[in-house]
Amino acid sequence: MQTAHDLLHLTGTADRGWSRRSWRLAWADLREGVSGWEVWTMLGWNEIRRRYRRSALGPFWITLSMVTFIGFVSLLYARLLNASHPDYIPYVAASYLTWTMIAAFLNEGPLTFVGWTGYLQQMRFAKSTFVMAVVWRNLMMFLHHLPVVLVVLLWFGVYPTAWTLLLIPGMLALLALGAFLALILGMVGARFRDLASFTQSLVTMLFFFTPILYRREVLGEYSYLIDWNPFGYFLDAVRAPLMGQPPEALTWPVVIAVLLLLGTCAFAMFARYRPRITYWL
Amino acid sequence: MTVISVRDLAIDFPIYQIGARSLKLRLVGSGSRGRIGSGSHRHLLVRALRDVSCEFHDGDRVGLVGSNGAGKSTLLAVLAGIYEPTRGEVLVKGKVSALLDISLGMDNDSNGYENIFVRGRLLGMSRAEIQSRLQDIVDFTELGDHLELPLRTYSAGMRLRLAFGISTCIEPDVLLIDEVIGAGDRRFAEKARARFTAMANKAKVLVVASHNSDILSALCNKALWLEGGQIRMSGSTEEVLKAYQAPSPAAAPAADPATATRPT
């Protein structure tokens with residue numbers, strides 16, 4: 001935001017690298033970006049409004065397609081996997097809702113900064129403003145779809161338990177994942193424009209390597225085929241509480257480890273390359 | 001009091017397009033304007049500014065002159081904090097507002113009021129502040145009931161009135177302007193000019209880039225002439241404008257070929 005600072009002191013970045021000053025500036029950017037919620041909530045909202053402007057159903061189109069997907073796929077895969085378990089449809093509903101958010105972070109991450117080129121070139125913003133906008137927008141979309149999934153869950157007799165409380169840390173973990181991905185993919189995607197196409201193909205592939213339509217147990221001794229996929233653990237961290245069930249034993253250790261690793265990478269990259277972002281656009 | 005201080009500023013823009021290498025061979029080979037150099041990492045660099053040093057104090061009204069591509073807009077963008085210097089140092093004290101694109105963030109499908117709030121937020125105002133200035137903006141634009149309609153129904157002149165009305169209700173310490181825009185018919189242009197001048201007068205420092213020497217003479221007490229990314233001359237507005245407009249026999253002496261360094 002252009003008037004948020006009362007002292008602007010910029011020095012040459014050519015040889016700065018990971019100096020103490022660059023860490024401090026990265027931290028200041030994060031603080032300014034996060035506290036400027038009035039701007040990122042507005043940008044996030046406007047993006048949603050712009051996408052669905054003048055469409056009668058608006059974001060309900062996505063909810064509608066989600067309901068259709070859950071309905072028909074559950075029918076088909078219940079036969080295919082011989083999963084006549086009454087939990088199957090709620091399982092797919094909760095999985096697919098969560099997966100939609102993870103997929104959105106991967107798909108939209110490379111556009112975190114590129115998508116706001118006009119803004120970044122005309123005004124000074126804390127760069128983290130746009131990371132917050134991505135996270136905010138996807139949280140709004142999640143909450144928009146949530147009621148439908150809740151109806152499905154209740155319809156099939158899945159009720160909240162004490163485990164449901166884990167939904168709060170689960171969502172926080174998912175949002176943190178989104179913020180780190182938006183930051184890392186946003187920077188790399190600004191410099192290397194091929195990244196957006198790459199993550200899109202990756203999402204298509206990951207869909208099959210994440211236990212969304214099937215349970216991990218189905219794979220039996222072949223479960224190593226999907227265990228390398230970190231997104232599966234984030235999925236479980238949100239899905240299990242939605243289902244009122246305990247998460248799997250490995251879920252939280254892996255989630256925390258991945259967040260620590262990604263967070264460190266994201267901050268280190270941000271410290272190093274933050275001043276270059278506007279040059280890359 | 002020194003409000004803006006710039007020391008040995010250099011700005012290099014990298015060009016990453018595929019095929020930039022062949023372009024590089026041609027441009028560097030011909031030594032054209034001498035402002036394109038090769039980086040150590042294979043890609044092309046355009047040196048937009050180099051060796052720029054200047055200081056502006058409270059009360060300075062600075063006009064930037066120079067031909068297209070001289071670096072005026074880049075200098076404004078650097079003072080606004082959009083680009084961090086490749087080398088050198090920039091210090092700006094106080095609230096900075098850059099009106100480089102006064103319609104940034106305005107949306108065709110939102111109505112006039114919604115656009116006022118969006119623009120206001122981007123200009124750094126809180127909702128309450130915008131609310132308190134709303135009437136002033138509405139009165140100035142003279143758009144009346146049109147403000148209830150989506151922006152797409154506006155004529156170009158009406159859009160400009162709205163954008164201008166919102167963007168001129170701020171009170172920054174440092175005001176950066178890229179080309180002063182007149183708004184609307186003659187009567188309205190008069191009014192717009194008065195409003196713009198009122199805003200500019202409240203700022204401690206005004207930096208404005210323009211090709212219109214009448215505007216610069218009227219607004220500014222200092223001028224900076226940029227050529228090829230470097231300061232060619234600085235001084236009082238009359239001096240600089242006189243030199244700038246003088247028919248140059250030998251044109252500008254060709255700048256030395258720049259050797260750009262270290263992109264990332």
Side-chain angles (χ1 to χ4, degrees), chain A residues 1-17 21-22 25 29 32 36-43 45-47 49-55 116-127 129 187 190-194 269 272-281, chain B residues 4-14 16-17 77-105 107-110 114 117-118 120-127 150 170-174 176 178 260-264:
Chain A
M1 220 166 54
Q2 70 200 101
T3 51
H5 55 90
D6 281 353
L7 178 70
L8 183 72
H9 183 206
L10 304 168
T11 54
T13 55
D15 302 302
R16 192 192 286 159
R21 184 173 158 77
S22 59
L25 287 173
D29 182 295
E32 186 189 336
W37 62 271
E38 286 198 319
V39 175
W40 49 259
T41 49
M42 180 188 83
L43 293 177
W45 262 121
N46 285 3
E47 176 74 11
R49 285 182 14 161
R50 189 159 49 231
R51 279 189 206 180
Y52 301 106
R53 185 58 51 78
R54 293 170 69 190
S55 109
W116 299 98
T117 300
Y119 285 68
L120 282 159
Q121 285 180 342
Q122 297 297 333
M123 267 175 65
R124 178 187 167 275
F125 285 94
K127 306 294 174 288
T129 306
M187 285 188 285
R191 172 67 183 83
F192 301 100
R193 299 300 167 93
D194 298 283
M269 281 180 70
R272 177 78 176 78
Y273 294 111
R274 182 193 50 80
R276 300 301 303 166
I277 294 173
T278 38
Y279 286 91
W280 287 335
L281 296 174
Chain B
I4 296 178
S5 147
V6 175
R7 228 164 26 80
D8 302 326
L9 172 68
I11 295 282
D12 294 333
F13 286 108
Y16 296 112
Q17 260 80 0
V78 174
L79 294 179
I82 295 167
Y83 297 104
E84 297 195 15
T86 311
R87 268 175 293 109
E89 192 176 359
V90 174
L91 192 72
V92 183
K93 288 178 196 150
K95 281 188 179 179
V96 183
S97 272
L99 300 182
L100 305 182
D101 173 3
I102 63 167
S103 52
L104 178 70
D107 177 33
N108 257 335
D109 288 299
S110 304
E114 289 166 335
F117 278 92
V118 171
R121 283 276 170 88
L122 289 177
L123 289 166
M125 287 186 269
S126 70
R127 212 179 162 77
I170 47 173
E171 292 177 5
D173 298 319
V174 176
L176 309 170
D178 202 355
T261 49
R262 281 293 319 264
T264 36

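Model, not experiment: these values are computed from the prediction. In the text below, chain A, chain B and the rest are named by the order of the sequence lines, each starting its count at 1.
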> Run the side-chain contact (heavy atoms from CB on, under 4.5 Å) check on D107(B) and N46(A) step by step: do they pass?
Replying inline: CA-CA 9 Å; D107(B) 177 33; N46(A) 285 3; over 6 Å; no
> Should M42(A) and L122(B) be marked as a side-chain contact (heavy atoms from CB on, under 4.5 Å) after you check the CA-CA gap, both sets of side-chain angles, and the distance that decides it?
Replying inline: CA-CA 10 Å; M42(A) 180 188 83; L122(B) 289 177; 4.0 Å; yes
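Nearest heavy-atom pair, L104(B) versus G118(A), reported as atom, atom and distance to 0.1 Å: CD1-O, 3.6 Å. Counting all heavy atoms, side chain and backbone alike, P85(B) lies closest to L10(A) at CD-CB, 3.5 Å.
Qualifying ring-ring contact (aromatic ring centres under 6.0 Å, His included) partners for Y119(A), counting only residues two or more places apart in sequence or in other chains: W116(A).
Both the backbone and the side chain of D101(B) come within less than 4.5 Å of a heavy atom of chain A. Residue R193(A): no heavy atom, backbone or side chain, is found under 4.5 Å from chain B. At a 4.5 Å heavy-atom cutoff, the contact between S110(B) and chain A is made by backbone and side-chain atoms alike. When heavy atoms are compared at a cutoff of 4.5 Å, I277(A) does not approach chain B at all. Proximity to chain A (any heavy atom under 4.5 Å) is restricted, for V78(B), to the backbone atoms N, CA, C and O.
Here the straight-line distance linking atom CZ of R121(B) with atom OG1 of T41(A) works out to 6.0 Å at 0.5 Å rounding. Remark: L79(B) CG to R124(A) CZ distance equals 13.5 Å, nearest 0.5 Å. Note that the CD1 atom of I82(B) and the CD atom of Q122(A) stand 6.5 Å from one another [nearest 0.5 Å]. T278(A) contributes atom OG1, which lies 8.0 Å from atom CZ of F13(B) (distance to the nearest 0.5 angstrom).
Between the side chain of Y279(A) and the main chain of E84(B), a donor-acceptor pair closer than 3.5 Å is present.
Listed options A10(B), G88(B), S126(B) were ranked by heavy-atom pairs under 4.5 angstrom with chain A; first place goes to G88(B).
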